[in-house]
Amino acid sequence: MKKKAILLCMILFLTAFVARAEKGLKVFISVDMEGISGVIHWEDVSRSGKDYSLFRRLMTEEANAAVKGALDAGATEILVRDSHGSARNILPDQLHPEAILLRDWSGSPLSMMEGIDETFDAVIFIGYHAREGLPDSVLKHTMTGTIDVFLNGKNMPEAGINGAIAGYFDVPVVMVAGDLGLVKQAQELFPGAECVAVKEGIGKAAKMLHPTKAQEMIMKKTKEALLNLKKVKPLKLKTPITMEIRYKDENDAARGSWFPGAKRTGERTVAFTHNDFMEVLKFFMFAH
Ligand code: ZN
């Protein structure tokens, strides 16, 4: 009887072990457009721009490079979130067939991270760009382009806000591709993450990698990042969390200050503090 019980325990343990081994990686890829290699001008990333069809194809190809790298590393579930403008840029029929594509905006405070939850193992940012005012970067801005966003006093790029959303669900950002300015910030925000600088801003000009080269590097670095997942910790914000928005226009500060619990902290600044980052994100959704 005792032997039987031991055998049963061993079988149960092995079954659990095999099931765990079979559950491959679940990867979330958020894809913006300003940081795609080749992109230099707002027309390139606007649906009305003459060359938009070229750049949405390059955006799709960079997303595919990350998908291929993830598959090589053993990913079994990959969600690609189109995160730019209309969120209807990536060409659905040209995206790698193993990826699920998330398009358009639901109105959720998760925004560019819509679809993320605690079941994911890793987050990857493709086509990302630096925050307003940073050298070495291309089409630098934060969200609407009319604000700076500070989290616990730190001026955050979109990658920082979205990395904190991933961190809220205990998921680390392991790979970031975009302009050099963004990559420098990403190395500070996500120590140990792999990064690919696909272009280097010089004022409003930029030196670019050939898209094929950029895609090769993204595929390689994504695979490396996912094979060394444990190197990177999720970005967890210290509580209480304060978000302060600095607007270019005073009128926007007046509007933002109406969110329940928000405080006008200056002529063009509004702040909101809460222990739950999701509540902070609701403020952000209202106020920007
Ligand atoms: Zn964008």
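In listed order, ligands and their atoms are each counted from 1.
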Practice prompt. Could you tell me whether the Zn ion (ligand 1) has an N, O or S atom of His84 under 2.8 Å away?
Written response: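 Looking at His84, which is the residue asked about, there is an N, O or S atom under 2.8 Å from the Zn ion (ligand 1).
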Worksheet item: Is the distance from the Zn ion (ligand 1) to the nearest N/O/S atom of Glu158 under 2.8 Å?
Response: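 Coordinating: no.
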Practice prompt. State whether Asp170 and Lys236 are salt-bridged, where the test is any N-O pair (Lys NZ or Arg NE/NH1/NH2 against Asp/Glu carboxylate O) under 4.0 Å.
Written response: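 Here Asp170 pairs with Lys236 in a salt bridge, since their nearest N and O are under 4.0 Å apart.
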Discussion item. Check this for me: does any side-chain nitrogen of one of Arg246 and Glu132 sit under 4.0 Å from a carboxylate oxygen of the other?
Written reply: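 The answer is no: the pair does not qualify as a salt bridge.
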Practice prompt. Find, among atoms of Glu34 that are N, O or S, the one nearest to the Zn ion (ligand 1), and state its name.
Written response: OE1
Item to complete: Starting from the Zn ion (ligand 1), look over the N/O/S atoms of Asp32 and name the nearest one.
Response: OD1
Worksheet item: Can you name the residues that form a ring pair (Phe, Tyr, Trp, His ring centres under 6.0 Å) with Phe272, not counting sequence neighbours?
Response: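 If we apply the ring pair (Phe, Tyr, Trp, His ring centres under 6.0 Å) test to Phe272, skipping adjacent residues, the hits are Phe259, Phe283.
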Fill in: Neighbour count above 12 (heavy atom, 6.0 Å) for Leu54 CG
yes
